[in-house]
Protein chains: 2
Amino acid sequence: MANGLKEIADELNLSISTVSRALNNTGRVSAETRRLVMDTAKKYNYSPNRIAQSLRQKKTNIVGLIVPDIGDYFSEVIKGTESELSAHNYSMILADSHEDPLKEANYIKLMYQSQVDGLMLATVSDTFAWTDVYESSDIPVIFFDNEPADLVCSKVVLNNIKATEIAVDHLVKLGHKKIALICGNTKESTAKYRRDGFMEAMKKHNLEVDQNLIKEGLYYLDAGYSSMEELILSREDHPFTAVIVSTYRMSCSAIHAIKDYGLSYPEDFSFIGFDMEDRDRLFSPSITSVLQPGKLIGKLMVHKLLQSIDNVELSPEEEDSVSFVNPVIKLGQSTAAIKK
Amino acid sequence: MANGLKEIADELNLSISTVSRALNNTGRVSAETRRLVMDTAKKYNYSPNRIAQSLRQKKTNIVGLIVPDIGDYFSEVIKGTESELSAHNYSMILADSHEDPLKEANYIKLMYQSQVDGLMLATVSDTFAWTDVYESSDIPVIFFDNEPADLVCSKVVLNNIKATEIAVDHLVKLGHKKIALICGNTKESTAKYRRDGFMEAMKKHNLEVDQNLIKEGLYYLDAGYSSMEELILSREDHPFTAVIVSTYRMSCSAIHAIKDYGLSYPEDFSFIGFDMEDRDRLFSPSITSVLQPGKLIGKLMVHKLLQSIDNVELSPEEEDSVSFVNPVIKLGQSTAAIKK
DNA sequence: TTGAAAGCGCTACCAT
DNA sequence: ATGGTAGCGCTTTCAA
């Protein structure tokens, strides 16, 4: 199957260049010739070799996407990314770093070698030591989820401050005053901002913040569980009527703790989780949760990326800009108005 | 950044060919030269252009994966595929057909144009009319999930017969005799085999099958709901002590029906779902479910694919073979022993 | 309007 | 052990 331009050219006694121009509708070609070429192309089931095109044009129409884990919220991002890319005639190479900075580094290298036109990256490297590669190359990179410390770059991130703020707002509207927070390690930007958002919202509503009701889970694995446990065990001294958890994993394990202690929401206290989308509505009671619009994040990234790719030169303020995405709150049965 | 072989060659006054051989460790090169080349490559941060390599070698080390929907079970398949591919130095172009045969067709074309070395496809096209493309090309294709009708091809599929069989076995062990089944449209191979597995298992245990307890959901959307509804409403005449549902979507909507009618499992009857993995253990009561090992399916596909890619010629029986994957049953609280 | 030729970056063959 | 050269399939000048 030597299915190339040459075959068509030979058949019609034309040159390869003419055939190319006819097919791509570029340059001047007589209508007659064009038709002929199109017809034989169809006849031979011609299919352009994108690799050859890419090499010649120095453009692959492929972008890379590296996530720490395929599943949950990232599935949504992947989905949004994929459909938006495909609408613009791009394809996507997907890689899963499995939360491993070393793998991530290798994937980045691979992406560059593959000559992707752009890269979307949810980095898991605290230091993002690949700055050299990143900066020495001119292919645009968009970060999302984690923000690499000390690096000026393009990113699309959740408005994390608002994320906890809308949770507090909702609870306050229900009459809650003593609100607890379980958040991640505030050395990570997301956790920090989410805690800040909580603080600001409490202040906005003139509510006192009991430091004992703020649990910062330092360890990844079961921080949600132990934090919830601490809150439950000390609730005589430090009473609360509602809890907000600020990551998905912690929400899950906090729920396990609540069940293990024989408590339930909203009876014992109201509960607001994070990223508990439950699209198939299988939880009972359903859970009020702050949600990141994953698909939208994907779409936005693609937009920014394609803009960078198309306009070779962007103004600096556009080049390394941050796009914020608004969280939404999904109301469920796990939150209820407080009894006066 | 003219970061090519030429740069290194010029620096060392060597030919491009020698540099290439040194870097790829192919052909004879003096140890001395090798070291020198390696060093300057590192110095210039040389990164091979995979596009050029691909064009030259007629091999991209990229495979395509087309799924009907990114999420749920397919996320697992993607995950398994990705990690296995990456372990073998392949990358993956991922595409989401959104259950649309037309999109699927376009993606297939795109994959071929991209010169992928192989393709993995969960087709949504009943007819799989792309046989022409498929057969006229020599790149290997592996099907999974749906089996295209009337097409001899390589596939990796769940042992669907076993899937319902183990569900029946479990229920029989618990003392159930009157077991209902909700399955999909038996014109689709998966649904048909799952029903067959149910029948055979019942027969094996010498249990009578009440045809009224077998609901074949002909419509995609809410077949699970209405089927469950019918079972509930007619249970005076056609009593049952357990239900098996044979797809994920139907399991979800069947559960909704059960709740809407104020019933609960395992009190009113035992319930076995499909693909309800609930990895974060958030359902209560937890649900007994048949699971497809998505990651394993991904891994197996990659194995088969790479074998086809490496061994140019396979024996026909290996070429178009079917690999069966065993389902597993996850025990939860939705099934209980029957009270004598 | 068409064709010839160069060349994208690399590998692999054949000389030396 | 090394270099010259052809060529992968295509686009894109430049001439005709």
Side-chain angles (χ1 to χ4, degrees), chain A residues 1-38 40-41 44-62 109-110 112-117 137-139, chain B residues 1-38 40-41 44-62 109-110 112-117 137-139:
Chain A
M1 189 153 93
N3 239 350
L5 289 182
K6 191 166 186 318
E7 197 179 13
I8 301 174
D10 286 354
E11 165 95 4
L12 297 175
N13 281 321
L14 283 171
S15 73
I16 294 180
S17 359
T18 308
V19 175
S20 169
R21 265 168 303 181
L23 286 170
N24 297 310
N25 204 9
T26 166
R28 276 157 299 274
V29 167
S30 81
E32 172 72 7
T33 314
R34 245 182 76 77
R35 228 186 23 73
L36 244 61
V37 169
M38 291 308 214
T40 34
Y44 284 156
N45 208 350
Y46 170 74
S47 161
N49 183 327
R50 285 198 165 226
I51 295 295
Q53 290 179 323
S54 298
L55 180 61
R56 178 60 227 245
Q57 302 181 148
K58 290 170 166 301
K59 178 146 188 324
T60 53
N61 271 46
I62 297 177
K109 218 181 295 173
L110 178 72
Y112 280 99
Q113 293 181 356
S114 303
Q115 314 296 119
V116 293
D117 293 334
S137 155
D138 49 357
I139 83 155
Chain B
M1 192 151 92
N3 239 352
L5 288 183
K6 190 165 187 320
E7 197 179 13
I8 301 174
D10 287 353
E11 165 96 4
L12 297 175
N13 281 321
L14 283 171
S15 75
I16 295 180
S17 357
T18 307
V19 175
S20 171
R21 264 168 302 177
L23 286 170
N24 296 310
N25 204 9
T26 169
R28 276 156 300 274
V29 168
S30 81
E32 173 73 6
T33 315
R34 247 183 73 77
R35 229 189 19 76
L36 243 61
V37 169
M38 291 307 213
T40 33
Y44 284 154
N45 207 351
Y46 170 74
S47 163
N49 183 328
R50 285 197 164 227
I51 295 295
Q53 290 178 324
S54 298
L55 180 60
R56 179 59 229 242
Q57 302 181 147
K58 290 172 167 301
K59 178 150 192 319
T60 53
N61 271 46
I62 297 177
K109 217 181 296 172
L110 180 71
Y112 279 100
Q113 293 181 355
S114 303
Q115 313 295 121
V116 294
D117 293 333
S137 156
D138 48 357
I139 82 156

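Convention: sequence-line order gives letters A, B, ...; per-chain numbering from 1.
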S.K.: When you measure from the side-chain N and O atoms of A/Ser17 to the phosphate of C/dA4, is any distance below 4.0 Å, counting only OP1 and OP2?
M.R.: no
S.K.: I'd like to know if the side chain of B/Asp117 and the backbone of B/Asn61 have a donor-acceptor N/O pair within less than 3.5 Å.
M.R.: yes
S.K.: Is the phosphate of D/dC8 approached by B/Ser54 (side-chain N or O, under 4.0 Å from OP1 or OP2)?
M.R.: no
S.K.: Does B/Tyr46 have a side-chain nitrogen or oxygen under 4.0 Å from the phosphate oxygens OP1 or OP2 of C/dG9?
M.R.: no
S.K.: Side chain of B/Gln53 only, heavy atoms from C-beta on: which candidate in C/dC10, D/dG3, D/dG9 is closest?
M.R.: C/dC10
S.K.: Could you tell me whether the side chain of A/Thr60 and the main chain of A/Gln115 form a donor-acceptor pair under 3.5 Å?
M.R.: yes
S.K.: Assuming nearest nucleotide by heavy-atom distance, tell me which of B/Leu14 and B/Leu55 is located more 5' along DNA chain D.
M.R.: B/Leu14
S.K.: Using modelled atom types only, decide if a donor and an acceptor are shared between the side chain of A/Ser114 and the backbone of A/Leu110 within a distance under 3.5 Å.
M.R.: yes
S.K.: What is the distance from CZ of B/Arg35 to P of D/dA1, rounded to the nearest Å?
M.R.: 17 Å
S.K.: How do A/Val29 and B/Arg50 order along DNA chain C: which one's closest nucleotide is nearer the 5' end?
M.R.: A/Val29
S.K.: Report yes if a side-chain nitrogen or oxygen of B/Thr33 is closer than 4.0 Å to either non-bridging phosphate oxygen (OP1 or OP2) of D/dT2; otherwise report no.
M.R.: yes
S.K.: Tell me whether the OP1 or OP2 atom of C/dA4 has a side-chain N or O from A/Ser15 closer than 4.0 Å.
M.R.: no
S.K.: Side-chain N or O of A/Lys58 less than 4.0 angstrom from OP1 or OP2 on C/dG9?
M.R.: yes
